[in-house]
Structures are given as structure tokens and as C-alpha cells.
Amino acid sequence: MGLRRFIEALRIAGRLTSVGKTVSRHLEAAAVLNALDERPVLFEAVEESAFRVVGNLFGAKQQFADYFGIEPHELIPKIVEAIENPTSPQMVDEAACQEVVESDVDLDRLPILFHCEEDGGRYISSGVFITKSGAGIQNVDFHRAMQIGKDRFSVRIVKQRDFDALLNEDETLPVAVCVGNAPNVLLAAATSVPLGVNELEIANTLEPFKVTKPKTFDGMIPAECEFVLEGVVKLEEREAEGPFVDLTDTYDIVRQEPVFHVTCITHRKDALWQALLPGRREHQMLMGMPREPTIYKEVNSAGVTCLDVNVNPGGCSWLHAIIRIDKKREDDGKRAIEAGFRGHKSCKHIFVVDSDVDIYDPYQVEWAMATRFQADRDLLVRDREKGSSLDPSADPDTSFTVKCGFDCTKPLGEKARHFERAVFPEIDLKKLLGE
Ligand SMILES: Cc1cc2nc3c(=O)[nH]c(=O)nc-3n(C[C@H](O)[C@H](O)[C@H](O)COP(=O)(O)O)c2cc1C
């Protein structure tokens with residue numbers, strides 16, 4: 001379908017809020033995105049830039065499902081299938097994302113948003129970083145980038161991730177930061193797969209698309225994206241990055257991070273800048289959703305029938321996971337907890353529930369915990385270990401944390417009877433009240 005057609009479909013369906021009045025990229029656009037929460041927004045005019053801005057496009061699973069033409073519960077199997085069966089995108093010479101080529105770089109011309117009062121600067125938060133190492137490994141992932149000059153950013157690079165490994169190896173990496181991507185590319189970029197797997201091939205199985213070569217190195221980038229910022233990231237050249245509101249809705253600290261020098265910008269003629277409001281729904285979706293298939297796979301591999309997984313917004317879409325299983329053995333709950341932690345290493349708390357619990361309804365999950373869980377029997381506490389760098393309660397230097405799992409499933413067999421939810425009789429209110 002592509003991003004453009006999706007935005008057009010939203011407009012036709014009356015689900016796109018179009019802001020005609022000029023807004024500032026300094027705080028005002030972010031305030032509108034926040035106020036409209038999950039509603040997609042198109043800013044027709046931005047005070048400091050000639051480009052339009054879109055945002056809040058994928059703030060709910062339903063939006064991703066609509067894009068792919070499937071139901072939300074079909075997303076996990078679809079992503080699992082794509083991770084297991086990557087396919088090559090079609091390479092083309094002529095690409096929309098290179099309609100305009102600017103080698104005289106001036107980042108101030110772009111509508112890069114300043115999101116929150118205490119942020120360290122204007123941030124690209126939707127940028128998909130594509131690199132190719134000297135050894136020929138193409139890697140695709142997200143990194144936030146804080147503008148620190150007309151042609152420079154400081155870039156948050158989490159240690160021990162793939163990009164960090166490649167940068168440590170090569171010290172200077174060519175990079176194309178793609179902004180304005182369709183969900184196949186966004187989701188693939190957010191998956192955690194072994195180094196060497198080209199995430200664009202996962203994107204192509206999610207939905208076939210075209211790629212082209214960037215102008216400054218021999219890699220592949222989505223041909224239909226809106227903007228591409230090309231240049232190099234240098235390991236040894238560091239500048240302050242942060243503060244920045246992260247997934248947990250709290251400020252991440254200032255760190256000395258590698259610098260990204262931009263040498264060339266390409267874009268569509270009427271390019272749309274894709275905003276991604278940090279810490280809000282869309283950011284949560286992109287972080288949490290790609291972890292659900294990996295948890296799902298691990299639980300099933302452990303011999304437990306996993307029906308669904310929700311890395312839920314209440315847990316910042318990162319620190320909590322709710323796993324719905326078809327329990328067949330008494331220890332299935334605990335096995336699912338252990339497998340869940342293997343499937344998402346940053347997860348801190350896991351809740352396992354039976355098939356009769358709606359994992360998208362927080363009341364129902366809490367009900368299962370209230371009625372089926374006993375701490376001395378059903379709580380699994382692990383030794384201190386590395387958790388998420390995003391968790392403000394983890395050790396700030398080592399990210400060490402205590403992870404635990406709650407087996408909120410009911411016992412099997414005869415005993416299960418006492419745990420069943422009562423069923424009330426149904427009534428046709430229309431008939432009774434005549435409404
Ligand atoms: C919206 C979004 C923003 C992200 N920002 C960063 C970031 O600033 N730095 C970082 O290292 N990882 C960031 N990530 C996480 C990486 O993309 C994530 O770790 C990736 O899926 C794993 O890639 P890897 O297996 O190639 O290391 C972000 C993810 C998303 C979805």
C-alpha cells in the first residue's frame with residue numbers, strides 16, 4: 001500500500017485530522033500530537049520549514065492491522081512468518097526518495113521537532129538507520145538523533161546492540177537515515193534479529209516493496225520513503241545527547257554519544273516529515289509490538305501453547321508482558337514465564353493467564369491475578385540480572401534489575417471449577433425497555 005496511500009485512505013475515511021493553521025516545530029506541533037493522542041494528524045504548514053509533517057499514524061494495533069488488511073490478532077503470526085522467511089526486495093534505479101538531491105546540507109530547513117521543554121534539542125525520533133559495514137553486513141534499526149548543528153547530530157546508540165557492534169568494529173559507518181516509512185519497514189527495523197540478517201528482507205515479506213541504492217554508499221534503502229539523510233557516524237567523535245523523554249515517559253539522562261555527520265539529503269519533491277512523539281502510543285507500539293512475536297515463539301518452543309501476547313502500554317510497552325496460554329500441565333505457567341524472558345530480554349514483569357482472560361483488558365488481567373494467584377506458589381523471582389536501560393528503577397550504571405513472573409492461571413482438573421467466571425443470563429434490552 002505504501003505510506004502515501006495509507007494517509008490518503010485515512011483522509012477519505014475521515015480519520016485524519018488536518019491542521020491548516022501554521023504551527024511551530026518548537027513544542028507546538030508536539031503539543032498537538034499529544035493532545036490528539038492516537039488520532040493521525042497532518043500539519044499543512046510548519047512555521048520554520050517548507051515541509052509538511054504527519055504524525056500519530058500508527059498509535060494502535062488496529063492501524064497496523066488496517067494497513068496490512070488483517071485483524072489485530074493476526075499481526076503476531078504475520079511478523080513471526082516474516083522473521084522466519086525473509087525475502088529480497090526489488091532493486092530499482094529511479095526512486096521517489098531521491099527526486100531531490102541536496103548536497104548543500106542545512107538541517108535547519110527540515111521540520112525536526114522540539115518535543116518537550118527539557119529536551120536537549122530538536123530530535124529525529126522516527127528515523128530508520130540503515131548502514132553497511134566494511135564486512136558487507138547491512139543493518140537496519142532505530143536511533144534517536146539530536147540536532148547539534150547545521151549538518152550534525154549526536155545519536156543514541158545503546159551498547160551491545162547490532163549497530164554498536166558494527167561501529168566498534170569499523171569505527172566509522174556509512175549511514176542513511178530514512179524518515180517517512182511504511183509499517184513494513186518500521187516494524188522490521190524494530191525487530192531484534194541476529195546480526196547479519198538484513199531487516200529490509202523481513203520488511204519485504206511483511207509487504208513487498210522496492211529499494212534503491214543510497215547516493216553515498218553501496219547499500220539498500222526503501223525507494224518510497226520520504227527523506228533520506230546520508231553521512232557517516234563516528235565512534236570516537238562524541239557529543240552530549242539528551243535529555244530526552246523516553247518510552248517510560250521519564251527523562252533519559254545526558255550521555256556522550258557518537259556524532260552523525262550529514263553529507264547529503266535526498267527527498268521527494270513534496271516530502272512529508274514523519275513525526276514520532278516520544279513516550280506516547282506510537283513509540284510504545286513500535287517498541288513493544290515486535291517483542292510479542294519473539295515471546296510467542298519462545299513460549300511455543302518451550303512446549304506451552306501460547307495463544308497471544310500483549311506487551312501492554314501500562315508496562316510502557318516494554319517492561320511488562322501478558323501471555324495468554326492454553327494450559328495443559330500444572331507447570332505451564334512457570335515455563336511460559338521463563339520462555340517469555342528469553343523472548344524479550346528487557347522485560348521485567350511477566351503475567352501468564354488462561355485462555356478465558358482478555359489480555360487487552362487490564363481489569364481482566366488484574367482479576368486473574370486477584371483470584372488465581374498465590375505469591376508463595378505462583379511467583380517466580382529471578383536473581384538480579386541485566387534488564388532494560390530504560391527502567392528508571394534499574395541500576396543506572398549496569399541496568400541490573402530483579403525480574404519476576406506471576407503465574408495467574410487456574411489449576412487444572414476438578415479444582416478449576418472454583419475459578420470459573422460466573423455467567424449471567426442474557427437479556428434483549430431493546431425488547432424490554434422498548435429503546
Ligand atoms: C521508535 C524507536 C526508537 C528507538 N530508539 C533507539 C535509540 O535511540 N537507540 C538505540 O540504540 N535503540 C533504539 N531503539 C531500539 C532499537 O531499534 C532496537 O533495539 C532494535 O529493534 C534492535 O536492533 P538490533 O537487534 O539490531 O540491535 C528504538 C526503537 C524504536 C522502535
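Atoms within a ligand are numbered from 1 in the order they appear, just like the ligands themselves. Only this structure's heavy atoms are used, side chains among them; waters, hydrogens and symmetry mates stay out. Please read these numbers as outputs of a predicted model, since none were measured by experiment.
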Contact check: Met287 vs ligand 1, nitrogen or oxygen atoms, below 3.5 angstrom: no
Worked check of side-chain contact (heavy atoms from CB on, under 4.5 Å) between Val185 and Cys178: CA-CA 10 Å; Val185 173; Cys178 302; over 6 Å; no
Between Tyr123 and Glu241: side-chain donor-acceptor atoms closer than 3.5 Å: yes
Backbone or side-chain N or O of Thr191 under 3.5 Å from ligand 1 N or O: yes
Proximity flag Met285 to ligand 1, non-hydrogen atoms under 4.0 Å: no
Test of proximity, Phe163 against ligand 1: N or O pairs below 3.5 Å: no
Polar side-chain atom of Gln364 near backbone of Asp358 as donor-acceptor pair, under 3.5 Å: yes
Element-labelled atoms of ligand 1 that are located less than 4.0 Å from some non-hydrogen atom of Asn139: 26 (O)
Nearest-neighbour protein heavy atom for atom 8 (O) of ligand 1, which is reported as residue plus atom name and distance: Arg144 N, 2.7 Å
Residue, atom name and distance, where the atom is the protein heavy atom closest to atom 5 (N) of ligand 1: Phe142 O, 3.8 Å
Residue of the set Met146, Glu257, Arg152 for which side chain to side chain contact (heavy atoms under 4.5 Å, CB included) holds with Glu239: Arg152
Atoms of ligand 1 close to Ala190 [distance to a heavy atom under 4.0 angstrom, numbered from 1]: 21 (O), 31 (C)
Donor-acceptor pair between Asp407 and Thr409 side chains, under 3.5 angstrom: yes
Closest candidate by heavy atom, reference atom 11 (O) of ligand 1, pool Leu247, Asp252, Val158: Val158
Arg291: numbered ligand 1 atoms lying under 4.0 Å from its heavy atoms: 21 (O)
Exercise: do Lys328 and Thr305 side chains pair donor with acceptor under 3.5 Å: yes
From Asp162, Val155, Leu390, Leu187 - option closest to atom 26 (O) of ligand 1 by heavy atom: Asp162
Residues in ring pair (Phe, Tyr, Trp, His ring centres under 6.0 Å) contact with His267, at least two apart in sequence or another chain: Phe51, Phe227
Lys78 to Phe68 six-membered ring, cation-pi geometry met (6.0 Å, 45°): yes
Any pair counted as salt bridge (Lys or Arg N to Asp or Glu O under 4.0 Å), so long as it reaches residues 287-304, sequence neighbours left out: Lys61-Glu292, Glu84-Lys297, Glu298-Arg342
Output field: ring centroids Phe6/Phe58 closer than 6.0 Å: yes
Min heavy-atom dist Ala189 to ligand 1 below 4.0 Å: yes
For Leu286, the ligand 1 atoms whose distance to one of its heavy atoms is below 4.0 Å: 31 (C)
N/O donor-acceptor pair under 3.5 Å between Lys21 side chain and Ala45 backbone: no
Identity and distance of the protein heavy atom lying nearest atom 18 (C) of ligand 1: Arg161 NH1, 4.0 Å
Top protein contact for atom 9 (N) of ligand 1, by heavy-atom distance: Arg156 O, 2.9 Å
Heteroatom distance test (Leu276, ligand 1): nitrogen or oxygen, under 3.5 angstrom: no
N or O contact, His283 vs ligand 1, cut-off under 3.5 Å: no
Per atom 22 (C) of ligand 1, closest listed option by heavy atom (Ser317, Ser346, Ser192): Ser192
